[in-house]
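On a predicted model such as this, the values are computed, not experimentally measured, just so you know. Chain letters run A, B, ... following the sequence lines, proteins first, then strands; residues in each count from 1.
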Amino acid sequence: MKRKRIDLIAALAVLIAAWYAISLIWRMPIIPSPIAVFYKFFEILPSKLGVHALYSLWRIAAGIALSLVIGVPIGLCMGYFSEFGRISSPVVYFLYPIPKIALLPVVMLLLGLGEASKIAMIVLIIVFQIIVTVRDAVKGIPKEMYYSLISLGAKRGNIFSDIIIPASLPEVLTSMRVGLGTAISVLFFTETFGTEYGIGYFIMDAWMRVNYLEMYSGIVMLSIIGFAVFSAIDVAEHILCRWK
Amino acid sequence: MKRKRIDLIAALAVLIAAWYAISLIWRMPIIPSPIAVFYKFFEILPSKLGVHALYSLWRIAAGIALSLVIGVPIGLCMGYFSEFGRISSPVVYFLYPIPKIALLPVVMLLLGLGEASKIAMIVLIIVFQIIVTVRDAVKGIPKEMYYSLISLGAKRGNIFSDIIIPASLPEVLTSMRVGLGTAISVLFFTETFGTEYGIGYFIMDAWMRVNYLEMYSGIVMLSIIGFAVFSAIDVAEHILCRWK
Amino acid sequence: MISVEGLTVRYGTGNGIVEALSDFSIKVADGDIIAVIGPSGCGKSTLLHVLAGIIGGYEGAVLINGRPVNPTEQRIGLILQDYGLLPWKTVYENAVLGLKIKGEASDKTYMKYILDRLGLVDMLDRYPNQLSGGQRQRVAIARSFILKPDLLLMDEPFSALDEITRESMQDLFLDIWRQYRVSTLFVTHSIEEAVYVGRRIVVLTPSPGRVKGEIENPLFGMNDLRLSDDFYHMSMRIRRMLREDEENIDEAQTH
Amino acid sequence: MISVEGLTVRYGTGNGIVEALSDFSIKVADGDIIAVIGPSGCGKSTLLHVLAGIIGGYEGAVLINGRPVNPTEQRIGLILQDYGLLPWKTVYENAVLGLKIKGEASDKTYMKYILDRLGLVDMLDRYPNQLSGGQRQRVAIARSFILKPDLLLMDEPFSALDEITRESMQDLFLDIWRQYRVSTLFVTHSIEEAVYVGRRIVVLTPSPGRVKGEIENPLFGMNDLRLSDDFYHMSMRIRRMLREDEENIDEAQTH
Amino acid sequence: SDGNDAAMPLEPISIGVLPDVDSIPLIIADKNGYFKEEGVKVDIQHFKSAPDRDSALQSGNIDGAVSDILAAAFANDGGFNVKITSLTNGMYKLLVNKDKGINDIQSLKGKSIAISTNTIIEYATDKMLEEGGLKPEDIHKMAIPQIPTRLEMLQNGKVDAATLPDPLASVAVKDGALLLNSTDKMGINPGVLLFAQDAIDKKSASIKAMYRAYDKAVEYLKKEPVSSYADVLINDVGFPEGIEDSISLPAYTQVALPSQKDFDDVIKWLTDKKLIKNSYGFEQLVDRRFVK
Ligand SMILES: Nc1ncnc2c1ncn2[C@@H]1O[C@H](COP(=O)(O)OP(=O)(O)OP(=O)(O)O)[C@@H](O)[C@H]1O
Ligand SMILES: Nc1ncnc2c1ncn2[C@@H]1O[C@H](COP(=O)(O)OP(=O)(O)OP(=O)(O)O)[C@@H](O)[C@H]1O
Ligand SMILES: [Mg+2]
Ligand SMILES: [Mg+2]
């Protein structure tokens, strides 16, 4: 715990020092100094940034949760049932590269301008990342792992709950980490419509207004949110994969 | 091989049928019928789409290749050297959530409006996905795997080449698959400036012109590109992971 | 009653096909114990995998009580050569896995008795990667015994145990067998063990495995085997069977 | 000369610490073979792991030729209990791994000789998951022999082999030892094997392992051991050593 | 023009444009070779969105841009020294979905309107609402920054109204949307050409030459029918095909400064909404040297 805190402080120090150095070298409003940004950050945190952050956090959480609920079972089945995997892999290979941004109008027509379509956009993008990662994880389970359960005449339910899920849990968590980063990027084209709340909106708006201090404050906020969720996933891994 | 072709045809049939059904139900220009789109697709394929596709393919390939060159070694080291991993993980956790779109001005400042900044944007986004996936893969190698090499007094080079790299190769390929999908999304905000070529540009341009047939032709093209690269990765896996 | 008739099993490798069992036939009467002994790589594990329903693609007829192999119907206790423990389950969870899968409550007294006799009671909360080799093997034994199977398939079940522990395990096995009369195929590398626990002993040829010979074993369950002359003769007979082929093969290779 | 003085090794588990070896001391003269025998879980593998440089955090002094354990300087041939093969390397690649790591060209004749005596020549292109248990173990043996090590650490190296193969492996080992006089720690579960291959035999107590007794073995390398009276007495002596503790512990547990 | 120009080749300049009507004179000047005639190389950089264009300007990749007074004020407020050098002719149209039964601004009360917030679109919307007697609070504003998406939402009735620039405004009208008002009808015109101060200082001769070509293009646009340059609109500006029949282009004017009133209105709007910290006077942001 204590060592973790030291690592964290070291990491922060390195990051901020690097940023500061760059800002000194370039001396342009595009790259403001971290000091000015942190000043701004704390100035607007209670009045604005906090609310925006909560909105984004809720959308990210809902998006990831829904993607897991949809993607993990599909990925598990694609990895385990080789027939199903063989037929559905090409479907995923065709659908995943479809640029979801281009589908934004369709999603908005179907789900309106509210929360539903924002979360749907997050899901549309990261669900494929989860499917692919989980599928590959299940495919990587050595076949010997199944022998005990086969010889016990285990039903599919048990094969999933006792082998496939625990064996692929680390990769599910990896896919959550990757998905988190992606979900945050997605905020930039989902929080710009139909809302005036969310860090995505906040940053885009600040950018439009050429207010780089506010824009960077928003970026710092996202960075903190991301770090917090990543750390939470690490803790979850620690608890869930005790056997490692 | 033959079975693969049947799966592919089945997948295509399902996808096109679903699309057709939706287009019939909605009957809106924003969801054109697949027949009209394919007609358009083949009409513009030789004259326009082909060239755009080649540009995008090159950017995707360069972006992924560069990301692998940067991300895989970092991920491997973060997974293997626990000290380094502990210190650099928070750095990744802070940097990964930073919305790379918002860094566009900085990237433009450093690299201009040409190819360099387009590829840099792709790298900036997917390199973190690769780092995280590869790091987690290396962390997941059971410690017993190292025993033989330790007892042989293997140097780090051998531990990497004989254990860490082959053991994490499947996950590197997974991260390439995930990165591919992401790289394609990134095209939409990198191919919209400083170029008049690329599928990202083509789709955006068609969209701005409200030319949904062309827009969907571009989406189909991306889908095909994606499928082709995914299949190439599958073939690579087959060759590289023969032992599985 | 287990009947294996003309079983042939092949594995595909990158460059060619390996025949692991070739026209192999064997019968196990209800409540019998067959010790299977044969050179390394002759197909013993393959045979057990077929009987446990793990390998599906084979030639020949494999019937358990006149019906094809089906682990959901039959109650098969399998001790795998590499133990087959699930790394994310504790010793306890691994030991009771059979009952969990069958959806049955555990007979607590019996379970405790088994875990105790196997010396596992102190480590029920540990994970397999925190055990020694022999301890892992004992967990696998515990799992198959706690299941109270109808058919016990043991693949070198005591190979990782020291001689003293091994002997007490053999006795435990025979105790259980006497009580429940479970039909058993017992793969072993030790001739002594085969003679001690096998009511019949089947000797296999080197790869691809066929039945080389079958011996009714009058010495089954006899204590202090080593001291008896009968054991010496029996053991010599088995060794001769095992060796013959080796020499044949050696010759075949040289000529 | 290997000297282990007051070695104590502990493992941390989720709930508590396991002491695997406790104040353990042993000396191996250059070119000697020590057979290590002890109950399952007593710390034999742990000892080998310490000597091979795998386990670093221990108490006590462990010196090889007066210097601390360092596998880059020392040439250690280790046969792991679970074989330690790399799944992505073929049999051949696994067998010559030691030489590859040491950056040396292989002595082709010697390598061929070893692979031939181990019966692996027909499967050099296969991957470990396409082998039987005994075949895997033989690959591990091949690797350590081909390395021509200064120090050989064998953890139940023949446990997965049938008796005939095992005997020819024992002879192969002794042949090699006679030629190269490699200092060896030979962990085994078989008393007969310990007596056959061990110039000295060290018996360990149950967990946590300590030295229970050390026996100079006049029967080392003697053929047809079983027929000799001396073997019977020796074997009884070892069994008694092994059992004593068990009984003590049993008593300790009951009282 | 001064004699220096002939002696020394002019430095090239680059200008960022969006696919809108404001940019047409520049693109026509390029297509018809007017820049070449004036001896200046003008690199027209096409962007698909305002943030891209602004980023390119702020990172020094382009010298100037077809933009608006708001962007000029924002940039200066954010520490970027850019100057307005002339107005451009554009228009923003307030449209309603044909099925909503809305025929005038007043009946928009309580309805939803799609805009992009804190932009010239919102400014134009507020102005048009104000003229119709509504306050900004009377109407439900929905942010939809992407113009084609805004169009789609309008046409499918997901919003009641929308403010759109051309050419998509014309597409909407063609597909049945009703035009309630537009900035050109109201005589407001906040579109401008702006340049980085750096470019103004170093490349003023080039900018002057560019403006001469611009005037030629305006002449051309005034006398030619749309059909004679429709292909340029479609191929080079990025207008939808078949638009030539329905589009109404603004009345392009020779190089001129934006009106003081437009300027002050915009600044007031921005300061009222607290979108900028400083208030700017006309002279602070406008460079008069390129307009005769
Ligand atoms: N990673 C670990 N964590 C916790 N305890 C462990 C771990 N590895 C081994 N142990 C314990 O340490 C003791 C010694 O283990 P070790 O593997 O050295 O035994 P061994 O003598 O080789 O036994 P066997 O003959 O069964 O292989 C055992 O009681 C075992 O349970
Ligand atoms: N997956 C596989 N692919 C190819 N060949 C295999 C595979 N599994 C086993 N074999 C081969 O089949 C033969 C029989 O293997 P099996 O594991 O049944 O032998 P075994 O009698 O159990 O040997 P051991 O006593 O060494 O465990 C061996 O020659 C082995 O090399
Ligand atoms: Mg076997
Ligand atoms: Mg051990």
For the CG atom of A:Leu152 and the CG atom of C:Leu99, what is their distance to the nearest 0.5 Å? 9.5 Å
Which distance, rounded to the nearest 0.5 Å, do you find between the CD1 of A:Ile150 and the CD1 of C:Ile54? 6.0 Å
How about [X]: does its [atom1] atom have over 12 heavy atoms from other parts shown lying under 6.0 Å from it?
X        : atom1 : result
A:Trp58  : CH2   : no
C:Arg67  : CZ    : no
A:Tyr55  : OH    : no
C:Arg181 : CZ    : yes

Chain C contact residues among residues 162-181 of chain A, heavy-atom distance under 4.5 Å: A:Asp162, A:Ile163, A:Pro166, A:Ala167
Looking at C:Leu153, C:Ile101, C:Thr72, which one has more heavy-atom pairs under 4.5 Å with chain A than the rest? C:Ile101
Heavy-atom distances under 4.5 Å only: say whether C:Arg126 touches chain A with side chain, backbone, both or neither. neither
Does any N or O in the side chain of A:Ser151 come within less than 3.5 Å of the main-chain N or O of C:Ala52, such that one atom is a donor and the other an acceptor?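 Not confirmed, A:Ser151 side chain does not pair with C:Ala52 backbone.
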Donor-acceptor pair, C:Asn129 side chain versus A:Trp243 backbone, under 3.5 Å? yes
Looking at C:Leu86 and A:Met145, what are the two nearest heavy atoms and their distance?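 The answer is CD2-O, 3.9 Å.
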Side chain from CB out, backbone as N, CA, C, O: work out which of these in A:Lys244 comes under 4.5 Å of a heavy atom of chain C, or both, or neither.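 Answer is backbone: N, CA, C or O of A:Lys244 sit under 4.5 Å from chain C.
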